Amino acid sequence: MVSGAGRGERAQETREAILDAAERLFAEHGVGDVSNRQIAQAAGQANNFAVGYHFGAKPDLVRAIVRRYTTETEGRRLRMLAALDDSGESGDLRAWISCLVRPATDHLDALGVPCWRARCLAQFDTVPGLRRIVVDESVSTPSMRRTLEGMFRLLPELPEEVHRERSDMSRLLVVHTLAERERALHEGGGTARRSWEATATGLVDALAGLWPAPVTTETG
């Protein structure tokens, strides 16, 4: 007889297998072209309804994938924020941007190759309803809220509409730069930077130029 703890462990293993399979299939084929049945089969589940049983509808599955990612990056970002407090660099915009970027690059570096996570998140970004899930889940974490608050305190003169525009630009730049590097590593091709650490540095450089850039006032 299987104990309750044993059943719980098996259920968790099944959930992880489904998340892994969904992440890979979404990354390779896009969200709209992948069915729950395909995910269940790729996860080694004989029951074609396993995805719905464990996660519900596709948006719920997407939310679970995003939360798995944010859970991993949350701890890394909190440690960076603690180090930032100790360093006395809270007035340095680059330091806050680094807290925004490096938890993601460090996490992807730790996953190794092959990895599908960045490409999966990039696929979510192409579907408006799923993009909203990713943004809401990412921004709602305590570490991300504090990081954004720290950045924006240093940019008090930025108009609200420009603030929103540059937030979108930043998200697109980070999401698709990470996805492109992950794809190149997976395919064994050349990469723009030699390491995830160097990729993080390039993103910090770019965002540190983007956020305080001059704002041209529209005329006419």
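Note that the structure is predicted; figures quoted are calculated from it, not measured.
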Problem - Salt-bridge criterion met for Glu23 and Arg119 (N-O under 4.0 Å) - result: no
Problem - Side chain proximity check, Leu207 to Val174, heavy atoms < 4.5 angstrom - result: yes
Fill in the blank from the handout: Of all heavy-atom pairs linking Ala17 and Ala43, the shortest is O-CB, 3.6 Å
Practice task
Rounded to the nearest 0.5 Å, what's the gap from OH on Tyr69 to SG on Cys120? Could you check?
Solution key: 11.5 Å
Fill in the blank from the handout: The reported gap from CG in Leu210 to CD in Glu165 (rounded to nearest 0.5 angstrom) is 8.5 Å
Practice task
Please say whether more than 12 non-hydrogen atoms of neighbouring residues, nucleotides or ligands are located less than 6.0 Å from CD in Glu160.
Solution key: no
Problem - Single-linkage hydrophobic cluster Ile39~Val127, side-chain heavy atoms < 4.5 angstrom - result: yes
Fill in the blank from the handout: Heavy atoms of Ala179 and Ala122 approach each other most closely as CB-CB, 3.7 Å
Practice task
Return the minimal non-hydrogen interatomic distance between His163 and Trp211, and the atom names on each side.
Solution key: O-CH2, 3.7 Å
Exercise for the section: State the CZ-CZ distance between Arg15 and Phe55, to the nearest 0.5 angstrom. Expected result: 4.0 Å
Exercise for the section: Would you check if the side chain of Arg76 reaches a backbone N or O of Ala104 as a donor-acceptor pair within less than 3.5 Å? Expected result: no
Exercise for the section: State the CZ-SG distance between Arg77 and Cys99, to the nearest 0.5 angstrom. Expected result: 8.0 Å
Handout entry: Glu16 side chain to Gln12 side chain, donor-acceptor N/O pair below 3.5 angstrom
Key = yes
Exercise for the section: May I ask you to decide whether Glu149 forms a salt bridge with Arg146, counting only side-chain N to carboxylate O separations under 4.0 Å? Expected result: no
Exercise for the section: Tell me whether Leu173 is reachable from Val204 by hopping between hydrophobic residues (I, L, V, M, F, W, Y) whose side-chain heavy atoms are closer than 4.5 Å. Expected result: yes
Exercise for the section: For the pair Arg181 and Asp109, find out whether any cationic side-chain nitrogen is under 4.0 Å from an anionic carboxylate oxygen. Expected result: no
Handout entry: Verdict with reasoning, Phe124 to Ile133, per side-chain contact (heavy atoms from CB on, under 4.5 Å)
Key = CA-CA 9 Å; Phe124 295 160; Ile133 291 174; over 6 Å; no
Exercise for the section: Using only heavy-atom distances, determine whether the side chains of Glu137 and Thr70 contain a donor-acceptor pair under 3.5 Å. Expected result: no
Handout entry: Check: Asn36 main-chain N/O paired with Lys58 side-chain donor or acceptor under 3.5 Å
Key = no
Handout entry: Side-chain donor or acceptor of Arg131 paired with backbone N/O of Asp125 under 3.5 Å
Key = yes
Problem - Single-linkage hydrophobic cluster Leu111~Leu19, side-chain heavy atoms < 4.5 angstrom - result: no
Exercise for the section: State yes or no: do Leu148 and Leu203 share one hydrophobic cluster built from I, L, V, M, F, W and Y residues joined by side-chain heavy-atom distances below 4.5 Å, directly or via other members? Expected result: yes
Exercise for the section: Taking only Lys NZ, Arg NE, NH1 and NH2, and the carboxylate oxygens of Asp or Glu, determine whether Glu28 and Arg24 approach each other closer than 4.0 Å. Expected result: yes
Exercise for the section: Without swapping roles, check the side chain of Glu74 against the backbone of Ser143 for a donor-acceptor pair under 3.5 Å. Expected result: yes
Handout entry: Joint hydrophobic cluster, Leu178 plus Leu172, side-chain heavy atoms closer than 4.5 Å
Key = no
Handout entry: Gap between atom CZ of Arg79 and atom CG of Leu84 - 0.5 Å precision
Key = 15.0 Å
Practice task
State whether Glu187 and Arg183 are salt-bridged, where the test is any N-O pair (Lys NZ or Arg NE/NH1/NH2 against Asp/Glu carboxylate O) under 4.0 Å.
Solution key: yes
Problem - Spacing of Thr199 atom OG1 and Glu182 atom CD [to the nearest 0.5 Å] - result: 11.5 Å
Handout entry: Considering all heavy atoms, the nearest Ala184-Gly190 contact
Key = CB-O, 3.6 Å
Problem - Heavy-atom donor-acceptor pair, Ser195 side chain to Ala198 backbone, under 3.5 Å - result: yes
Fill in the blank from the handout: In terms of heavy-atom contacts, Ile97 and Met151 come closest through CG1-CE, 4.0 Å
Problem - Phe152 side chain near Leu158 side chain, heavy-atom distance below 4.5 Å - result: no
Practice task
Sort and list the pairs that fulfil side-chain hydrogen bond (donor to acceptor under 3.5 Å, both in side chains) and have at least one residue in residues 88-108, not counting sequence neighbours.
Solution key: Arg94-Asp205, Ser98-Arg102, Arg102-Glu197, Arg102-Thr201, His107-Arg117
Handout entry: Validation row: Arg63, Val134 side chains within 4.5 angstrom (heavy atoms)
Key = no
Completion exercise
Correct closest heavy-atom pair for Ala40 and Val51 would be N-CG2, 4.0 Å
Exercise for the section: Indicate yes or no: at least one non-hydrogen side-chain atom of Trp116 is less than 4.5 angstrom from one of His186. Expected result: yes
Handout entry: Salt bridge present between Asp136 and Arg132 (N-O < 4.0 angstrom)
Key = yes
Practice task
Check Leu130, Val135, Leu121, Leu61 against Val66 for a side-chain contact (heavy atoms from CB on, under 4.5 Å) and give me the one that passes.
Solution key: Leu121
Exercise for the section: Compare all side-chain heavy atoms of Ile65 with those of Arg68 and state whether any distance is below 4.5 angstrom. Expected result: no
Exercise for the section: Using modelled atom types only, decide if a donor and an acceptor are shared between the side chain of Asp60 and the backbone of Ala57 within a distance under 3.5 Å. Expected result: yes
Exercise for the section: Flag the pair Met144 / Leu100 as yes when at least one side-chain heavy-atom distance between them is below 4.5 Å, and no otherwise. Expected result: yes
